[in-house]
Number of protein chains: 2
Amino acid sequence: MPPSPSPSPSRDRILDAFEELLTEQSERAATLDAVAARAGVSKGGLLYHFSSKDALVDGILERLQRLVDDDLERMRTAPAGPVDYFVRSSVSSQSALDRTVIAAARLAQGANPKARASLSSMQGGWLALLESAVSDPIAAKAIMLVGDGIYYNSVLLPETASVVRDDAEMDRLVALVLEIAARPR
Amino acid sequence: MPPSPSPSPSRDRILDAFEELLTEQSERAATLDAVAARAGVSKGGLLYHFSSKDALVDGILERLQRLVDDDLERMRTAPAGPVDYFVRSSVSSQSALDRTVIAAARLAQGANPKARASLSSMQGGWLALLESAVSDPIAAKAIMLVGDGIYYNSVLLPETASVVRDDAEMDRLVALVLEIAARPR
DNA sequence: GTCTATATTGCGATAGAC
DNA sequence: GTCTATCGCAATATAGAC
């Protein structure tokens, strides 16, 4: 019998509930009561698995770290190249990574120092990879900023129509960004 | 005697205090108690000028509206053109507009619908102006996303070193963005 | 592991004196 | 116009039964 990958099934359900409340509503809405209710346990039950709210935050940030590492690996080996992969994957809200990034962003906005440090290091990872794929470092930065902009819009203005309206617009945006990437230094 | 532009001196001091707590700390830190203390009045004194926290939010959003209108006018008439003006003015945290935008962004992140609507309309104004200055609409959008990205970084990762490290890097970034703007459709 | 109290603190808002 | 005092509520966390 292999060691169970997730020590407890409720632990993950609680973490999912916390993440959902953060992304779908707000940092303020993600109270212990609300998380417990959504996860289908009592507050006491929740606090058995995560002994404080801070422990809950740590849980999200560990999940983020894991997902970011996986993403960087996929970006590194993407068939259409890292730049194409990066921009397309910036259209938020779909993947598990997107959800966890948004959750962490809400915590960072709530002035949580650990969350800010995690996001900062995550961004450093992406920038480093973009810089290795693009000859001009300033172009790499501009590309990262476009991706950040797309994220920012979906984080801050969730119920607004997405900045990037549809697939056709996304294709044209990717084409433009690839042009920037190919630009000689 | 002209009508006083600001009906009450403490009213503005209270609004400044609210804005400072939002930008320097977080939405959660900007409690009525904290705002009153920083403005140098009692909680009762604060509530005489703003009868609820929602009224305080409205005060910030009205200030934002006024500052955005001024900014769009300056961008329209900027000597080096709207694109140059837009990107340079995205390096956040200096002007009165920057501070108020960040304050509104914190409120938007706290799921405040009015704040989200204000930021959305503000963004619409900038995008429309960029589109009128740049022949390719997708280039206009990319330029706006770069600006948004710079903002997003200073909002979410305030104590991290700015993404745009120094004036030299900013000049190279502006040059790149102007290249994008000049790109034929 | 999960539950029901309950202690404690902090917040938004009201009431009424000055 | 500014103050103090206080109510009502919600949030984090603890204690201890099952």
Side-chain angles (χ1 to χ4, degrees), chain A residues 3-61 103 106-115, chain B residues 3-61 103 106-115:
Chain A
S4 57
S6 157
S8 158
S10 357
R11 227 192 98 98
D12 272 338
R13 293 222 330 287
I14 291 168
L15 223 42
D16 287 343
F18 185 42
E19 189 174 284
E20 283 163 27
L21 286 164
L22 284 171
T23 53
E24 292 165 20
Q25 304 192 36
S26 69
E27 193 245 328
R28 269 185 120 101
T31 65
L32 296 184
D33 270 304
V35 172
R38 187 177 266 239
V41 295
S42 71
K43 212 198 292 197
L46 187 163
L47 285 163
Y48 169 79
H49 292 284
F50 297 93
S51 59
S52 72
K53 193 156 193 187
D54 214 61
L56 216 40
V57 171
D58 287 342
I60 290 290
L61 297 183
R106 302 257 194 245
L107 295 170
Q109 185 84 322
N112 187 301
K114 284 186 205 162
Chain B
S4 58
S6 158
S8 155
S10 0
R11 229 192 97 94
D12 272 339
R13 292 222 329 286
I14 290 168
L15 224 43
D16 288 343
F18 185 41
E19 190 174 284
E20 284 162 24
L21 285 164
L22 284 171
T23 53
E24 293 166 18
Q25 303 193 40
S26 70
E27 193 244 328
R28 269 185 122 101
T31 65
L32 296 184
D33 270 304
V35 172
R38 188 178 267 238
V41 295
S42 69
K43 210 199 290 198
L46 187 163
L47 285 163
Y48 169 80
H49 292 283
F50 297 93
S51 60
S52 70
K53 193 154 193 189
D54 213 60
L56 216 40
V57 171
D58 287 342
I60 289 289
L61 297 183
R106 302 258 194 243
L107 295 169
Q109 185 84 323
N112 187 299
K114 285 186 204 164

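Here is the naming used below: chain letters follow the sequence lines, and residue numbers restart at 1 for every chain. This one's a predicted model, so the numbers in the text were calculated from it and none came from an experiment. Hydrogens, waters and symmetry mates are skipped; everything else that's a heavy atom, side chains included, is used.
Each end of the helix from dG1(C)-dC18(D) to dC18(C)-dG1(D) yields a helix axis from five base pairs, and these two axes differ in direction by 0° (to the nearest 10 degrees).
Atom CG in Asp33(B) sits 10.0 Å away from atom OG in Ser42(B) (nearest 0.5 Å). Between atom CD of residue Glu27(A) and atom CZ of residue Arg106(B) there is a gap of 11.5 Å, rounded to the nearest 0.5 Å.
Ala115(A) and Ala108(A) get closest at one heavy-atom pair: CB-N, 3.7 Å. The nearest pair of heavy atoms linking Arg11(A) to Ser8(A) is N-OG, 3.3 Å. When every heavy atom of Leu46(B) is checked against every heavy atom of Val41(B), the shortest pair comes out as N-CG2, 4.0 Å.
Listed by chain and residue number, nothing satisfies the side chain to side chain contact (heavy atoms under 4.5 Å, CB included) test with Ala37(A) (two or more places apart in sequence, or in another chain).
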Donor-acceptor contacts under 3.5 Å from residues 13-22 of chain A side chains, at least two apart:
| unit_1 | atom_1 | unit_2 | atom_2 | d |
| --- | --- | --- | --- | --- |
| Arg13(A) | NH2 | Ala39(A) | O | 2.4 |
| Asp16(A) | OD1 | Arg63(A) | NH1 | 2.9 |
| Asp16(A) | OD1 | Arg63(A) | NH2 | 3.0 |
| Glu19(A) | OE1 | Arg63(A) | NH1 | 3.1 |
| Glu19(A) | OE1 | Thr100(A) | OG1 | 2.9 |
| Glu19(A) | OE2 | Arg99(A) | NH1 | 3.4 |
| Glu20(A) | OE1 | Arg38(A) | NH1 | 2.5 |

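Rounded to whole Å, the distance from NZ on Lys53(B) to P on dC11(C) is 9 Å.
Heavy-atom distances to DNA chain D give each of His49(B) and Ser52(A) a nearest nucleotide, and the one nearer the 5′ end belongs to His49(B).
For residues 45-56 of chain A, every residue pair satisfying the side chain to side chain donor-acceptor pair (under 3.5 Å) rule, not counting sequence neighbours, is listed here: Asp54(A)-Lys114(A).
Near DNA chain C, meaning a heavy atom under 4.0 Å away, the residues from residues 19-43 of chain A are Val41(A), Ser42(A).
If you walk DNA chain D from 5' to 3' and mark each nucleotide with an atom closer than 4.0 Å to a heavy atom of chain A, the marks span dA11(D) to dT14(D).
Looking at heavy-atom distances under 4.0 Å, Leu46(A) makes no contact with the nucleic acid at all.
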